[in-house]
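We count residues from 1, following the sequence as given. Keep in mind that the numbers below use all heavy atoms, side chains included, and drop hydrogens, waters and symmetry copies.
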Amino acid sequence: MTRDVRILNTGSLLELSRRLRAAGGENIRQSMHRRIRRAAEPLRDDLQASIRGLNIRSQGRSTRPGGPSPNTEPLRETIAAAIRISVRTGSSPGATVWIDKGRMPPDLKNVPEQLNSGRLRHPVFGNKRRWVNQYASPPWWNTVVRQHTPRIEQEVARILDDVRRRIE
């Protein structure tokens, strides 16, 4: 799984960032930052919707009833809440859509990658002696990113052109 999505055109963004700094255009830089973030927000929203609606199937259930879940928050909602956008306009300009593992419980940090691969292997209600597989389809992260990439690239190119026109 691609851990994060980077919206980068480092050559153009770097050159534009230097020219903005030289021109002292703080308003223009803030506007560019805000517009790049807005371009990435639909991707984040669709990633969150995708994980919230992800179908996770089990391999079947034995005749014994289950017990209480060791987690207090629902899995899909926890992952959706951890999806973040980061925009930079300094020396390494660009935007990144990523999963903040710091906002996830320690035992769930690798779950997004496992779900994207299609198989989640975990202990049954925390019992480390009994493990099960659950299956998810489709790869939720990669599919959504592929759908949004052309739109985001066009949007960022348009933003860069607008900013270039404003500082020239």
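- Side chains of Val132 and His122 form a contact here, defined as non-hydrogen atoms less than 4.5 Å apart.
- Partners of Arg119 by side chain to side chain donor-acceptor pair (under 3.5 Å), not counting sequence neighbours: none found.
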Derivation and outcome, side chain to side chain contact (heavy atoms under 4.5 Å, CB included), residues Ile85 and Thr96: CA-CA 6 Å; Ile85 299 175; Thr96 306; over 6 Å; no
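- Checking side-chain atoms of Ser117 against main-chain N and O of Gln114 turns up a donor-acceptor pair under 3.5 Å.
- Side-chain contact between Val97 and Val145 is absent, with no heavy atoms from C-beta onward closer than 4.5 Å.
- Residues Ile51 and Trp141 fail the side-chain proximity criterion, which asks for heavy atoms closer than 4.5 Å.
- Trp131 places a side-chain N or O within 3.5 Å of a backbone atom of Lys128 that can act as its donor or acceptor partner.
- Side-chain contact between Ile83 and Trp98 is absent, with no heavy-atom pair separated by less than 4.5 Å.
- Closest non-hydrogen pair, Pro112 versus Leu108, comes out as CD-O, 3.6 Å.
- Interatomic distance, CG of Leu54 versus CG of Leu115, reported as 6.0 Å (0.5 Å rounding).
- Remark: Glu113 engages Lys101 in a salt bridge, criterion side-chain N to carboxylate O under 4.0 Å.
- Taking 4.5 Å as the limit, some side-chain heavy atom of Pro105 sits within range of a side-chain heavy atom of Thr78.
- Using modelled atom types, one side-chain atom of His33 and one backbone atom of Val87 make a donor-acceptor pair closer than 3.5 Å.
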Atom pairs and distances, side-chain donor-acceptor, residues 37-48, under 3.5 Å, sequence neighbours left out:
| from | atom 1 | to | atom 2 | distance (Å) |
| --- | --- | --- | --- | --- |
| Asp46 | OD2 | His148 | NE2 | 2.6 |
| Gln48 | NE2 | Ala80 | O | 2.9 |

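- Under the rule for a side-chain contact (heavy atoms from CB on, under 4.5 Å), the partners of Arg165 that lie at least two apart in sequence or sit in another chain are Asp161, Asp162.
- The distance from atom CD of Gln154 to atom CD1 of Ile159, rounded to the nearest 0.5 Å, is 12.0 Å.
- Distance alone, capped at 3.5 Å, places no donor-acceptor pair between the Asn133 side chain and the Arg121 backbone.
- Here the CG-CD1 distance, from Leu160 to Ile36, works out to 6.0 Å after rounding to the nearest 0.5 Å.
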Side chain to side chain contact (heavy atoms under 4.5 Å, CB included) assessment of Arg57 paired with Gln134: CA-CA 5 Å; Arg57 304 174 311 282; Gln134 287 186 295; over 6 Å; no
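- Between the NZ atom of Lys109 and the CE atom of Met104 there is a distance of 8.0 Å, given to the nearest 0.5 Å.
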